K.L.:
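Please read through the structure below; I'll follow up with questions.
These numbers come from a predicted model, not from an experiment. Residue numbers start from 1 in every chain, and the chains themselves are labelled A, B, ... in the order their sequence lines are given, proteins ahead of strands.
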Amino acid sequence: MADKITPQDEDYSRWYLDVIRDAELAESSPVRGSMIIRPYGYALWEAIQSGLDRRFKETGHVNAYFPLFIPMSFLEKEAEHVEGFAPELAVVTIGGGNTLEEPLVVRPTSETIIGHAYAKWIQSYRDLPLLINQWANVVRWEMRTRPFLRTTEFLWQEGHTAHATESDAVEETLRMLDVYCDFAENDAAIPVIKGLKSDREKFAGAVNSYTIEGMMGNGWALQMGTSHYLGTKFAEAFNINFLDQNNVNQFCHTTSWGISTRMVGAIIMAHGDDQGLRLPPVLAPIQVVIVPIWRKEGEKAPVMTMVERVRSALVDSGIRAKVDLREDQTPGFKFNDWEMRGVPVRVEIGPSDVQQESVVFARRDQLGKEGKTFGIPVAGVAEEAHALLNAIQSSLREQALRGREEKTHRVSSYEEFQTVLQEQGGFLHAHWAGTTEDEERIHDETKATLRCLPMGTEEGEGKCFLTGKATNKTAIFARAY
RNA sequence: CGGGGCGUAGCGCAGCUCGGUAGCGCGCCUGCUUUGGGAGCAGGAUGUCGGAGGUUCAAAUCCUCUCGCCCCGACCA
């Protein structure tokens with residue numbers, strides 16, 4: 001709080017870490033790569049959870065909980081899956097002082113243990129579809145970690161569904177991708193690109209992986225959520241089968257999809273500025289903060305009376321409002337403090353406002369005088385606050401969208417690709433007909449990865465920027481977290 | 001695991017070259033004055049100098065070993 005946050009263009013990575021520390025979102029722990037999520041950061045995660053959970057339930061899913069420990073042999077049942085996750089597993093070999101007969105894996109994801117349960121639960125086509133989500137923590141022993149973006153242990157939700165047919169399962173995969181997109185754009189106010197992952201980037205064990213990719217303030221990409229169509233691979237590995245209407249035994253088609261605490265990092269980086277966080281009103285733990293102002297003791301009582309009137313009007317109308325009662329800090333300090341913490345709207349109430357039965361609104365997305373509106377009548381304060389919160393929600397999304405468009409470039413040759421990437425960064429959109437090896441080479445030479453083959457932007461035929469082959473497919477490349 | 005850097009008060013750092021009473025800023029505590037954009041003054045508390053061993057009358061400082069963290073690279077939600 002004391003020292004200023006490192007400006008973004010001086011050192012983006014330091015800025016990110018400064019914001020997390022100063023806004024009290026999280027801090028490091030004694031265990032490498034694991035973080036302590038502090039109350040304010042956890043409140044943001046809870047808001048994310050509630051936005052997602054509501055949507056999951058609206059689309060017919062229910063929550064359940066599966067164990068943290070998974071027998072090692074379960075992972076080994078699906079060859080690609082174990083190969084993909086083996087390097088990052090944490091394994092328990094001792095329990096109660098004795099060496100275990102079979103090592104237990106701390107779940108890196110739960111396809112296997114859930115597959116095991118589904119095999120028992122599903123007998124008939126009448127049991128399908130099975131639509132379950134779980135909120136859980138998982139562990140992946142990553143080599144390099146960053147708070148929220150990549151931690152050894154992280155919190156997430158993982159949906160696991162089983163269906164009778166491929167088309168049902170693919171439909172579910174895409175439906176959940178749409179749910180993620182809706183959440184990202186409307187709740188987190190981050191515009192995302194929906195797309196298909198390349199073979200090199202897809203989930204270990206999936207037939208197809210879909211992603212929502214967002215652009216962060218420095219032009220880097222962040223995979224904010226994934227939805228996987230698993231085909232019958234896990235069904236075959238775990239014997240998840242059912243008798244269809246014709247009494248024929250069939251394997252289920254399964255899906256899985258997840259969003260993690262990485263979303264908190266996305267919100268920090270997609271919206272934050274040199275002043276600190278800028279939280280989208282829908283997710284902000286505190287939507288409106290009220291700062292009482294007075295000079296003389298005699299002014300305090302009338303100010304506080306009005307503060308309480310405004311607070312209860314806001315809370316009664318469903319706004320998450322808080323009064324800053326600290327008497328050991330000056331108003332100026334509080335203004336900066338709440339701006340750093342990203343609270344969308346600040347209400348200032350002082351003696352002159354009491355005189356006029358009005359208050360001052362200050363919006364976080366427009367700093368200084370321009371963002372202030374004087375003389376908001378107390379009588380209509382809740383309606384005005386709702387309107388302003390809505391305006392800020394759209395404004396943040398618009399700003400993020402504009403930023404992404406400015407930093408998205410069409411390229412048609414590898415030379416242009418390299419020049420633009422180096423000089424401007426951002427998303428590079430181009431016709432693409434390369435192989436996994438080509439992708440590998442681009443990564444080695446430029447550090448950019450193929451983020452996705454975007455959906456819903458069908459374009460005419462063109463030439464692959466790398467190979468020159470004719471194709472109607474395009475891809476987005478970027479540096480990514 | 002390879003390359004680079006760093007461990008000194010809650011946080012950020014100086015001191016180490018050339019050994020001699022452990023310092024600065026912020027924060028924290030107390031009091032008074034302040035409070036509409038990061039308040040001022042006065043007083044005060046806080047350290048096994050990452051750890052172990054060695055050299056020395058004397059080690060934050062020199063030597064050896066060790067542990068940990070950060071950055072860059074290979075892996076990834």
K.L.:
Using atom types as modelled, flag every donor-acceptor pair under 3.5 Å from a side chain in residues 269-281 of chain A to any protein atom, sequence neighbours excluded.
P.N.:
| unit_1 | atom_1 | unit_2 | atom_2 | d |
| --- | --- | --- | --- | --- |
| A/His271 | NE2 | A/Ala188 | O | 2.7 |
| A/His271 | NE2 | A/Ala189 | O | 3.4 |
| A/Asp273 | OD1 | A/Gln275 | N | 2.8 |
| A/Asp273 | OD1 | A/Gly276 | N | 3.2 |
| A/Asp273 | OD1 | A/Arg364 | NH2 | 2.7 |
| A/Asp273 | OD2 | A/Arg364 | NH1 | 3.0 |
| A/Asp274 | OD1 | A/Gln8 | N | 2.8 |
| A/Arg278 | NE | A/His271 | O | 2.7 |
| A/Arg278 | NH1 | A/Gln399 | OE1 | 3.2 |
| A/Arg278 | NH2 | A/His271 | O | 3.3 |
| A/Arg278 | NH2 | A/Gln399 | OE1 | 2.9 |

K.L.:
Any salt bridge between A/Asp328 and A/Arg326, counting N to O under 4.0 Å?
P.N.:
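Salt bridge: no.
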K.L.:
My understanding is that a pair needs two contacts under 3.5 Å, Watson-Crick or G-U wobble. By that rule, which nucleotide pairs with B/rA52?
P.N.:
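Its partner is B/rU64 (Watson-Crick or G-U wobble, both distances under 3.5 Å).
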K.L.:
Checking base pairs now: Watson-Crick or wobble, both atom distances under 3.5 Å. What partners B/rA22?
P.N.:
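By the stated definition (distances under 3.5 Å), nothing pairs with B/rA22.
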K.L.:
Among B/rG38, B/rU35, B/rA77, which nucleotide has an atom closest to any side-chain atom of A/Arg295?
P.N.:
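From the listed options, B/rU35 comes nearest.
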K.L.:
Does a distance-only test, which skips hydrogens and angles, find a donor-acceptor pair under 3.5 Å between the side chain of A/Glu348 and the base of B/rG37?
P.N.:
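By the distance-only test, no, there is no pair.
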K.L.:
Does B/rG2 pair with anything, Watson-Crick or G-U wobble, both distances under 3.5 Å, and if so, with which nucleotide?
P.N.:
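Pair assignment: B/rG2 / B/rC72.
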K.L.:
Check this one for me: any side-chain N or O of A/Thr330 less than 4.0 Å away from OP1 or OP2 of B/rU35?
P.N.:
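Checking A/Thr330 against B/rU35: no side-chain N or O falls below 4.0 Å of OP1 or OP2.
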K.L.:
Could you check which of B/rU35, B/rA77, B/rA74 has an atom nearest any side-chain atom of A/Arg144?
P.N.:
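Between B/rU35, B/rA77, B/rA74, the one nearest the side chain of A/Arg144 would be B/rA74.
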K.L.:
Between A/Phe203 and A/Phe85, is a ring pair (Phe, Tyr, Trp, His ring centres under 6.0 Å) present by the stated rule, with each step listed?
P.N.:
CA-CA 10 Å; A/Phe203 178 75; A/Phe85 282 103; 5.7 Å; yes
K.L.:
Tell me what A/Val138 touches on the nucleic acid: a base, only sugar-phosphate, or nothing, going by heavy atoms under 4.0 Å.
P.N.:
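If one applies the 4.0 Å heavy-atom cut-off, A/Val138 turns out to touch nothing in the nucleic acid.
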K.L.:
If you measure from the C1' atom in B/rU21 to the same atom in B/rA60, how many Å do you get, rounded?
P.N.:
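The answer is 14 Å between these two C1' atoms.
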K.L.:
Near RNA chain B, counting only heavy atoms under 4.0 Å, which residues of residues 436-451 of chain A show up?
P.N.:
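Contacts with RNA chain B under 4.0 Å: A/His443, A/Lys447.
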K.L.:
On RNA chain B, nearest-nucleotide positions of A/Gly332 versus A/Ser13: which is more 5'?
P.N.:
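Nearest-nucleotide comparison on RNA chain B picks A/Gly332.
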K.L.:
Whole angstroms only, please: what is the NZ-P distance between A/Lys296 and B/rG36?
P.N.:
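Going from A/Lys296 (NZ) to B/rG36 (P), I get 13 Å.
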K.L.:
Please state how far atom CZ in A/Arg107 lies from atom C1' in B/rA77, giving the value in whole angstrom units.
P.N.:
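Spelled out: CZ on A/Arg107 to C1' on B/rA77 is 15 Å.
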K.L.:
Identify, with sequence neighbours excluded, every residue that meets side chain to side chain contact (heavy atoms under 4.5 Å, CB included) alongside A/Ala117.
P.N.:
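If we apply the side chain to side chain contact (heavy atoms under 4.5 Å, CB included) test to A/Ala117, skipping adjacent residues, the hits are A/Phe66, A/Trp121.
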K.L.:
Heavy atoms under 4.0 Å, any strand shown: does A/Gln223 hit a base, just sugar-phosphate, or nothing?
P.N.:
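Sugar-phosphate, backbone atoms only, no base.
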K.L.:
With respect to the side chain of A/Glu142, which nucleotide from B/rA77, B/rG36, B/rA74 is positioned closest?
P.N.:
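Looking only at heavy atoms from C-beta outward on A/Glu142, the closest nucleotide is B/rA77.
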K.L.:
To the nearest angstrom, how far is A/Glu370 atom CD from B/rG37 atom C1'?
P.N.:
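Going from A/Glu370 (CD) to B/rG37 (C1'), I get 13 Å.
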K.L.:
To the nearest Å, how far apart are A/Glu153 CD and B/rA77 P?
P.N.:
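Roughly 18 Å, once rounded to whole Å.
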K.L.:
How would you label the contact of A/Leu149 with the nucleic acid (heavy atoms, under 4.0 Å): base, sugar-phosphate, or nothing?
P.N.:
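Result for A/Leu149 = base.
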K.L.:
Taking the same atom, P, in B/rC75 and in B/rC24, what whole-Å distance lies between them?
P.N.:
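About 49 Å, rounded to a whole number of Å.
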K.L.:
Between B/rC11 atom P and A/Arg21 atom CZ, what is the distance in whole Å?
P.N.:
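Nearest whole value for this atom pair: 11 Å.
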K.L.:
For a quick check under 3.5 Å, do A/His160 and A/Ser256 share a side-chain donor-acceptor pair by atom type?
P.N.:
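Result is no, nothing qualifies.
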K.L.:
I need the CD1-P distance between A/Ile267 and B/rA77, as an integer number of Å.
P.N.:
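To the nearest whole Å, that distance equals 19 Å.
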K.L.:
Between B/rC71 and B/rC32, how far apart are the two P atoms, rounded to whole Å?
P.N.:
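Here B/rC71 and B/rC32 have their P atoms 46 Å from each other.
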K.L.:
Please list, in numerical order, the residues of residues 195-215 of chain A that have a heavy atom closer than 4.0 Å to any atom of RNA chain B.
P.N.:
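Within residues 195-215 of chain A, no residue comes under 4.0 Å of RNA chain B.
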K.L.:
Is there aromatic stacking of A/Trp156 against B/rA77, centre distance under 5.5 Å, plane angle under 30°?
P.N.:
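Here A/Trp156 fails the 5.5 Å or the 30° condition.
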K.L.:
Please determine whether any donor N or O and acceptor N or O are separated by less than 3.5 Å between the side chain of A/Asp337 and the base of B/rG38.
P.N.:
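No such pair is found, so the answer is no.
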K.L.:
Go ahead and name the base partner of B/rC32; Watson-Crick or wobble counts if both distances stay under 3.5 Å, otherwise write none.
P.N.:
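Matched B/rC32 with B/rG40 under the 3.5 Å cut-off.
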K.L.:
Taking all atoms of both residues into account, what is the closest heavy-atom pair of A/Glu439 and A/Ser198, and its distance?
P.N.:
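Shortest heavy-atom contact: OE2-OG, 2.7 Å.
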K.L.:
Give every donor-acceptor pair under 3.5 Å between a side-chain atom in residues 292-303 of chain A and any protein atom, sequence neighbours left out.
P.N.:
| unit_1 | atom_1 | unit_2 | atom_2 | d |
| --- | --- | --- | --- | --- |
| A/Glu299 | OE1 | A/Arg295 | N | 2.7 |
| A/Glu299 | OE1 | A/Lys296 | N | 3.0 |
| A/Lys300 | NZ | A/Glu327 | OE2 | 2.7 |

K.L.:
Describe, in one word, how the ring planes of A/Trp220 and A/Tyr481 are oriented to each other, choosing from parallel (under 30°), tilted (30 to 60°) and perpendicular (over 60°).
P.N.:
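Rings of A/Trp220 and A/Tyr481: tilted, 30 to 60°.
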K.L.:
So, for A/Phe74 and A/His116, is the gap between ring centers shorter than 6.0 Å?
P.N.:
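A/Phe74 vs A/His116: aromatic centres under 6.0 Å.
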K.L.:
So, A/Glu171 and A/Arg175, do they make that salt bridge, N to O below 4.0 Å?
P.N.:
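Looking at A/Glu171 and A/Arg175, the cut-off is met.
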K.L.:
If the P atom of B/rG4 is compared with that of B/rU48, how far apart are they to the nearest Å?
P.N.:
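Here B/rG4 and B/rU48 have their P atoms 31 Å from each other.
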K.L.:
Check every strand shown and say whether A/Arg146 touches a base, only sugar-phosphate, or nothing at a heavy-atom separation below 4.0 Å.
P.N.:
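If one applies the 4.0 Å heavy-atom cut-off, A/Arg146 turns out to touch nothing in the nucleic acid.
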K.L.:
Who are the side chain to side chain donor-acceptor pair (under 3.5 Å) partners of A/Glu339, not counting sequence neighbours?
P.N.:
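For A/Glu339 the side chain to side chain donor-acceptor pair (under 3.5 Å) partners, ignoring immediate neighbours, are A/Arg346.
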K.L.:
Specify the residue among A/Pro87 and A/Trp294 whose closest nucleotide of RNA chain B lies further upstream toward the 5′ end.
P.N.:
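On the 5' side of the pair lies A/Trp294.
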K.L.:
Would you measure the distance from the P atom in B/rU8 across to the matching atom in B/rU61 and give it in whole Å?
P.N.:
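Nearest-Å result for B/rU8 against B/rU61 at atom P: 14 Å.
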K.L.:
With sugar-phosphate meaning primed atoms plus P, OP1 and OP2, does A/Gly258 contact a base, only sugar-phosphate, or nothing at under 4.0 Å between heavy atoms?
P.N.:
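Since no nucleic acid heavy atom lies under 4.0 Å of A/Gly258, the category is nothing.
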K.L.:
A/Thr151 near the nucleic acid: base, sugar-phosphate alone, or nothing, with a heavy-atom cut-off under 4.0 Å?
P.N.:
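If one applies the 4.0 Å heavy-atom cut-off, A/Thr151 turns out to touch a base.
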K.L.:
Rounded to the nearest 0.5 Å, what separates atom CG in A/Leu131 from atom OG1 in A/Thr161?
P.N.:
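That separation rounds to 6.0 Å.
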K.L.:
Considering only B/rG38, B/rA74, B/rA77, which nucleotide approaches the side chain of A/Met143 most closely?
P.N.:
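Looking only at side-chain atoms, A/Met143 lies closest to B/rA74.
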K.L.:
Under a 3.5 Å cut-off for both contacts, is B/rA59 paired Watson-Crick or G-U wobble with anything, and if yes, with which nucleotide?
P.N.:
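Paired with no nucleotide.
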K.L.:
Using atom C1' in both nucleotides, what's the gap between B/rG10 and B/rA77 to the nearest angstrom?
P.N.:
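Each nucleotide's C1' atom is 33 Å from the other's.
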K.L.:
Taking 4.0 angstrom as the limit, do A/Asp337 and A/Lys334 come out as a salt bridge?
P.N.:
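No, no charged N to carboxylate O under 4.0 Å.
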K.L.:
Can you tell me the Watson-Crick or wobble partner of B/rC16, both distances under 3.5 angstrom?
P.N.:
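Here B/rC16 is not engaged in any pair, so there is no nucleotide opposite it.
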K.L.:
At under 4.0 Å between heavy atoms, what does A/Glu339 touch on the DNA or RNA strands: base, sugar-phosphate, or nothing?
P.N.:
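Contact class for A/Glu339: base.
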K.L.:
Rounding to an integer number of angstrom, what distance separates B/rC11 and B/rG27 when you compare their P atoms?
P.N.:
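It comes out at 16 Å once rounded to the nearest Å.
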K.L.:
If I pick the P atom on B/rG68 and the same atom on B/rG50, what distance separates them, to the nearest angstrom?
P.N.:
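Per the computed distance, 16 Å lies between those P atoms.
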K.L.:
Regarding A/Thr226, tell me which of base, sugar-phosphate or nothing describes its non-hydrogen contacts under 4.0 Å with the strands shown.
P.N.:
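Touches nothing.
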